[in-house]
Amino acid sequence: MHRKITAFLALIFVSMFSLIAIAEAQNMDANQALSAKQQSIVPIAAFTANGDLQKLKTALNEGLDAGLTINEIKEVLVQMYAYCGFPRSLNGINTFIGVLEERGQKGIKDELGKEPSPMPANKSSIEFGAEIQTRLIGGDLNPHVIAHTRPGICHASGTFVIR
């Protein structure tokens with residue numbers, strides 16, 4: 001009889017623990033979920049990277065419909081050059097220009113969005129970039145590493161590296 005009570009209590013404990021874990025997982029998913037606007041960035045980047053311009057056109061329309069601004073999409077497409085190279089990034093930008101023209105002809109007015117921040121007047125773009133890079137990586141970039149980087153194909157992005 002004592003074993004049955006212990007087993008029953010253990011079963012209740014395990015069940016309660018499982019329910020608590022499931023509830024916590026559901027809360028975490030809800031708190032960490034991407035908005036529709038954020039989710040629409042993924043296919044824009046993916047179709048730009050693989051060069052599928054027809055699917056990119058659809059993704060761009062869906063991104064604008066989800067609330068991405070023109071400047072937000074432009075920034076995604078401009079940043080893509082580092083990951084997929086200039087030709088694909090430029091093809092993405094040209095596709096976006098075509099999408100905007102088509103939407104304009106249909107009477108759809110998309111939001112321009114926030115303009116980029118101006119450069120500080122007292123710093124060059126290189127100084128400002130180095131400052132941001134230092135903040136991002138938590139220290140100065142070691143020039144020794146850059147000096148020993150060989151030119152060639154970058155395997156992560158498939159782009160040509162020139163030093």
Side-chain angles (χ1 to χ4, degrees), residues 22-143 145-146 148-163:
I22 290 169
E24 284 297 316
Q26 288 175 343
N27 271 347
M28 186 169 55
D29 289 342
N31 292 336
Q32 293 179 346
L34 296 176
S35 68
K37 183 176 164 179
Q38 293 167 325
Q39 288 177 19
S40 66
I41 293 171
V42 176
I44 291 171
F47 295 133
T48 300
N50 76 8
D52 190 334
L53 301 181
Q54 274 309 116
K55 289 183 180 175
L56 175 59
K57 186 176 175 182
T58 301
L60 290 165
N61 275 296
E62 290 173 354
L64 290 165
D65 292 340
L68 284 174
T69 66
I70 293 170
N71 284 334
E72 288 169 335
I73 292 177
K74 279 193 324 192
E75 189 62 27
V76 170
L77 296 171
V78 167
Q79 292 297 322
M80 288 305 298
Y81 87 88
Y83 303 99
C84 63
F86 279 110
R88 294 225 169 145
S89 179
L90 291 174
N91 287 340
I93 291 168
N94 286 330
T95 301
F96 186 44
I97 291 168
V99 165
L100 291 174
E101 287 172 357
E102 286 177 13
R103 290 172 69 92
Q105 290 170 357
K106 293 177 185 174
I108 301 171
K109 293 194 180 268
D110 295 298
E111 183 183 343
L112 183 60
K114 188 173 146 184
E115 291 292 328
S117 307
M119 289 284 299
N122 61 343
K123 293 182 184 175
S124 72
S125 61
I126 293 174
E127 292 169 324
F128 188 56
E131 182 182 300
I132 291 171
Q133 183 179 32
T134 300
R135 274 189 282 158
L136 289 173
I137 64 174
D140 289 334
L141 184 62
N142 185 344
V145 172
I146 295 172
H148 290 89
T149 302
R150 292 185 191 177
I153 299 295
C154 174
H155 297 288
S157 66
T159 56
F160 193 72
V161 177
I162 300 173
R163 303 193 261 134

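Just so it is clear, the values below take in all heavy atoms, side chains as well, and ignore hydrogens, waters and symmetry mates.
- Rounding to the nearest 0.5 Å places OG of S40 at 9.5 Å from CG of D65.
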Verdict with supporting geometry, L34 and I41, side chain to side chain contact (heavy atoms under 4.5 Å, CB included): CA-CA 10 Å; L34 296 176; I41 293 171; over 6 Å; no

Worked check of side chain to side chain contact (heavy atoms under 4.5 Å, CB included) between D110 and T69: CA-CA 7 Å; D110 295 298; T69 66; over 6 Å; no

Side chain to side chain contact (heavy atoms under 4.5 Å, CB included) assessment of E115 paired with N71: CA-CA 7 Å; E115 291 292 328; N71 284 334; 3.4 Å; yes

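- The closest side-chain donor-acceptor pair between E75 and Q79 falls under 3.5 angstrom.
- The shortest side-chain heavy-atom distance between N61 and R103 falls under the 4.5 Å cut-off.
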Report, one line per pair, each donor and acceptor closer than 3.5 Å where one atom sits in a side chain of residues 90-100; sequence neighbours left out.
residue : atom : partner : partner atom : Å
N91     : ND2  : P87     : O            : 3.3
N94     : ND2  : L90     : O            : 3.3
T95     : OG1  : N91     : O            : 2.8

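- Screening residues 47-60 for side chain to side chain donor-acceptor pair (under 3.5 Å) gives K57-E102 as the qualifying pairs, with residues at least two apart or on separate chains.
- Taking CD of E72 as the start and CG of L77 as the end, the distance is 12.0 Å to the nearest 0.5 Å.
- When all heavy atoms of C84 and S89 are compared, the pair lying nearest together is SG-N, 4.2 Å.
- Heavy-atom minimum distance, F47 versus A59: CD1-CB, 4.0 Å.
- Crowding of I126 atom CD1: a count of heavy atoms from other residues, nucleotides or ligands under 6.0 Å not exceeding 12.
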